[in-house]
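Take a look at the structure below.
All chains are named by letter (A, B, ...) in the order of the sequence lines, taking the proteins before the strands, and each is independently numbered beginning at 1.
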Amino acid sequence: MSPHLTRYVLRRLLQAVFLLLGVVVVNFSLIHLAPGDPITLLAGDGGDAAYFAAMRAKYGLDRPIVVQLALYLRGAFQGEFGYSFAYGRPVSDVILARLPPTLLLMGVSLALSTVAGVWLGLVTARRARSALDRSVLVGTLIGYGMPAFWAGQLLVLLFSVRLGWFPVQGMEDARQDYRGLARLVDLLRHLALPVATLSLLHLALITRLTRTGMREELSKDYARTAHAKGLPAGRVATRHALRNAVLPVVTVVGGDVGTLFTGAVLTEIIFAWPGLGRLLYDATLNRDYPLLMGIFLLVGTCVIVANIVTDVVYAWLDPRVRYS
Amino acid sequence: MRHVLTRGGASFAEGARAPARLPRWSVRFLEQPTATAGLALVLTITLGALFASRLVPGDPLVGDGPALQSPSRTHWLGTDELGRDVLAGVLHGARVSLFVGIAVAVISTACGIVVGGLAGLFGGWVDDGMMRFTELVQLLPRFFLAIIIASMFGGSLLNIVLLLGLTFWPSTARLLRAQLLSLREREFVVAARAIGVSAPRLLTRHLLPNALPAIVVNASLQVGGAILVEAGLSFLGLGDKSYVSWGSMLNNAQPFIQLAWWMSVFPGLALLLTVVGVNLVADGVNEATNPRLAGSGRR
């Protein structure tokens with residue numbers, strides 16, 4: 001790693017720390033702005049009088065606001081976000097238990113939509129203004145405007161209700177006791193529609209971006225040179241132009257984690273997927289504030305971390321980036 | 001009225017009226033079929049929203065028809081589980097969506113102009129501070145923040161509009177700042193400075209008009225974005241309960257998805273068409289006003 005890159009990475013990390021502090025402060029302010037006693041927001045109502053007294057002392061609710069903030073920060077960095085009203089367990093436990101299904105949904109969808117989007121962008125850029133190009137463009141336009149929750153309902157209507165190809169909801173068939181491969185197939189069948197729903201926006205974004213990038217790169221001198229020296233068009237596209245055109249895609253993949261979380265929440269509610277989104281939805285119904293805050297902090301942290309990682313990866317991939 | 005001067009010798013005959021001319025950018029806008037289609041969509045939906053009470057009289061939140069009836073002559077788009085007319089909901093819902101979209105775009109554009117303007121004009125530590133703040137707001141998970149605010153303080157339209165308006169501005173601020181940084185070095189700005197034009201006048205007369213097209217494009221994209229977030233909140237049951245909204249209609253439709261497809265299809269279609277229409281208009285304005293693209297043909 002060049003010294004410039006190292007310095008750049010260190011500076012971005014420092015910024016990340018401040019951004020994380022910012023998110024925690026926003027969280028803290030919300031607790032104090034909210035109607036009602038902040039202790040219930042910090043500690044939940046899953047304890048007895050002694051527990052509340054201990055929490056009051058711990059967060060110093062009678063002390064100056066700055067001291068309270070410091071204490072809150074200390075708690076947050078130790079992973080203490082109070083007790084969930086509804087579950088009567090620490091918020092961190094509740095969230096961690098529900099994270100894997102969401103990560104599965106997001107991971108598969110991110111991987112599929114990125115690969116498919118780059119491929120579609122590549123193909124359409126090379127056949128500009130063809131019927132295929134135009135229909136893909138219309139598709140991306142719809143993908144941009146399509147709310148995930150409606151897309152999910154339409155997919156259910158078509159593929160579950162009409163055609164009966166996929167299950168309407170859930171992550172596995174509770175009536176069957178599948179083992180091994182059968183269980184995996186069952187999971188994939190349940191995964192298909194949620195992944196399709198969540199991928200739509202991302203697919204549209206990446207397709208558009210790759211297509212624009214490819215068209216720009218293919219019109220540049222180096223691409224013309226590669227053509228002129230007799231390389232087949234496919235090779236020029238994949239070996240030369242694509243490598244430059246996909247650079248911006250990296251920023252979208254990493255910079256869109258927040259959108260992906262949002263999409264996942266809405267998708268999970270449509271398909272009763274037992275992940276974070278479902279948890280969030282139930283938390284709003286129960287007014288489970290500590291849980292809501294915990295989820296907000298988690299998502300905020302993920303977004304910031306993903307952003308920094310993206311910037312660093314980008315700088316590493318593209319030596320032209322100035323580390324300013 | 002725009003005054004058209006004729007140059008190069010051509011002059012109008014005495015008494016002949018000059019043909020009505022549209023500004024160049026609007027001609028370039030209307031030349032694009034996609035932009036015109038988008039504009040038509042937006043206008044249709046706006047008309048539907050404006051005349052909702054005329055077209056489907058009565059309270060859209062009160063049902064008087066048979067429950068769960070498929071589209072028929074009396075209820076064109078069918079009815080929901082309480083016998084409420086879906087068409088009435090779709091038309092009245094347009095009001096909420098358009099109001100939220102436009103109000104959010106106005107608030108966030110104003111905020112973005114202030115923050116981006118200060119950063120771009122003053123530079124130095126003002127710029128640094130403003131940009132760090134912008135970055136923080138941009139990275140806050142907006143939808144999740146909205147969920148918390150709505151469940152703590154209630155999801156009234158005012159709360160939703162304020163929250164979104166105060167979180168959508170970073171893109172505007174960054175855009176304006178970048179524009180200002182490049183405009184600052186341009187000759188006409190240097191010249192204006194040299195003859196002693198004051199800073200506020202420089203901003204309002206020389207800089208903002210040049211940065212305006214990009215800001216307008218961004219604002220119209222924010223309209224679409226805000227409409228989608230409001231719909232998402234209402235879909236979670238966190239929207240304003242005193243108005244019909246497309247999101248809440250889709251929320252109602254969810255348990256009946258296997259019985260009554262029309263409850264889901266029509267509000268969703270209205271939502272999709274509105275957002276696509278607004279985005280098409282934004283694209284069209286971009287193509288029509290971006291000097292870099294003008295003359296190079298459409299992509």
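- Annotation: side chain of L266(A) is in contact with side chain of F143(B) (closest heavy-atom distance under 4.5 Å).
- Residue Y243(B) places its OH atom among 12 or fewer non-hydrogen atoms of other residues, nucleotides or ligands, all under 6.0 Å distant.
- No other option in G145(A), G22(A), A283(A), A148(A) has as many heavy-atom pairs under 4.5 Å with chain B as G145(A).
- From N279(B), atom CG reaches atom OH of Y144(A) across 8.5 Å, with rounding to the nearest 0.5 Å.
- Of all the listed residues (L157(A), I269(A), V265(A), V303(A)), the one sharing the greatest number of non-hydrogen pairs under 4.5 Å with chain B is L157(A).
- Interface check for chain B: of the options N307(A), V26(A), I270(A), the most heavy-atom pairs under 4.5 Å are formed by I270(A).
- At a 4.5 Å heavy-atom cutoff, the contact between L280(A) and chain B is made by side-chain atoms alone.
- Across L269(B), L140(B), I147(B), I149(B), the residue that shares the most heavy-atom pairs under 4.5 angstrom with chain A is L269(B).
- Counting heavy atoms from C-beta on, the side chains of F144(B) and T262(A) come closer than 4.5 Å.
- When T34(B), L145(B), L273(B), N251(B) are compared by the number of non-hydrogen pairs under 4.5 Å with chain A, L145(B) comes out ahead.
- What you find for Q153(A) and S264(B) is that their closest heavy atoms are OE1-OG, 2.6 Å.
- In this structure, L272(B) CG and W150(A) CH2 are separated by 5.5 Å, a value rounded to the nearest 0.5 Å.
- We find the CG-CG distance between D283(B) and L141(A) to be 7.0 Å, quoted to the nearest 0.5 Å.
- More than 12 heavy atoms of other residues, nucleotides or ligands lie within 6.0 Å of CZ in F153(B), so this atom counts as buried by the packing criterion.
- Atoms CE and CE, from M293(A) and M152(B) in turn, are 3.0 Å apart once rounded to the nearest 0.5 Å.
- For the set I142(A), V257(A), T259(A), L154(A), the count of heavy-atom pairs under 4.5 angstrom toward chain B peaks at I142(A).
- Both the backbone and the side chain of V265(B) come within contact range of chain A, judged by heavy atoms closer than 4.5 Å.
- Heavy-atom distances place the side chain of Y281(A), and not its backbone, under 4.5 Å from chain B.
- Between L238(B) atom CG and T284(A) atom OG1 the span is 5.0 Å, to the nearest 0.5 Å.
- Between chain A and the options V229(B), L271(B), I227(B), the largest number of non-hydrogen pairs under 4.5 Å is found for L271(B).
- Below 30°, between 30° and 60°, or above 60°: for F235(B) and F149(A) the angle between ring planes is below 30°, a parallel geometry.
- In this structure, F18(A) and L136(B) have side chains that are not in contact, with every pair of non-hydrogen atoms separated by 4.5 Å or more.
- The contact between L250(B) and chain A is made by backbone and side chain atoms together, counting heavy-atom distances below 4.5 Å.
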